[in-house]
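Presented below is the structure to which this report refers.
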Amino acid sequence: KGDLSMKKNIVRFLLTFLFGWIGSVIINHSNLRPEGYKCRTGAYFWLAPLTFGIYPTVASICNISFTDGEKNIGYKTKN
């Protein structure tokens, strides 16, 4: 299970790093979305130009070490 989780983290990283908010939409509508979380598509869309690309870069890098139950700037918990 840990190996599959790491593979999903790498795929999520590549999607958000290479495609930004479009990658976020793909994550939210596929089995790549972590259970109980939702990728912050709006943040990727709006904060990218406002932060000169810093937010999506940092959020994408955080996808590599994503673990269920921990905070991650690229995700919010689903209510």
message: Pair N9, S65 - check side chain to side chain donor-acceptor pair (under 3.5 Å), show working.
response: CA-CA 7 Å; N9 285 354; S65 63; over 6 Å; no

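- I73 approaches C62 most closely through the heavy-atom pair CG1-SG, 4.3 Å.
- When all heavy atoms of Y55 and G74 are compared, the closest pair comes out as OH-CA, 3.9 Å.
- With hydrogens and angles disregarded, no donor-acceptor distance shorter than 3.5 Å links the side chain of N63 to the backbone of I10.
- In plain terms, the two heavy atoms of V11 and L32 that are nearest each other are CG1-CD1, 3.6 Å.
- In this structure, the ring of F13 has its center no less than 6.0 angstrom from the ring center of F66.
- The minimum heavy-atom distance linking T16 with S24 is given by the pair CG2-N, 4.3 Å.
- For Y37, the OH atom is densely surrounded, since the number of other residues' heavy atoms within 6.0 Å is greater than 12.
- If you take CD1 on I27 and CD1 on I22, they are separated by 12.5 Å, rounding to the nearest 0.5 Å.
- The salt bridge (Lys or Arg N to Asp or Glu O under 4.0 Å) contacts involving residues 34-54 comprise nothing, where partners must be two or more places apart or lie in separate chains.
- P34 places a side-chain heavy atom less than 4.5 Å from the side chain of R12.
- Distance alone, capped at 3.5 Å, places no donor-acceptor pair between the K71 side chain and the K76 backbone.
- Not counting sequence neighbours, the partners of F45 by the side chain to side chain contact (heavy atoms under 4.5 Å, CB included) test are W21.
- Interatomic distance, H29 NE2 to C39 SG, rounded to the nearest 0.5 Å: 11.5 Å.
- Atoms CH2 and OG1, on W46 and T51 in that order, are 13.5 Å from each other to the nearest 0.5 Å.
- Transitive grouping of hydrophobic side chains (ILVMFWY, heavy atoms separated by less than 4.5 Å) keeps L50 and F52 in distinct clusters.
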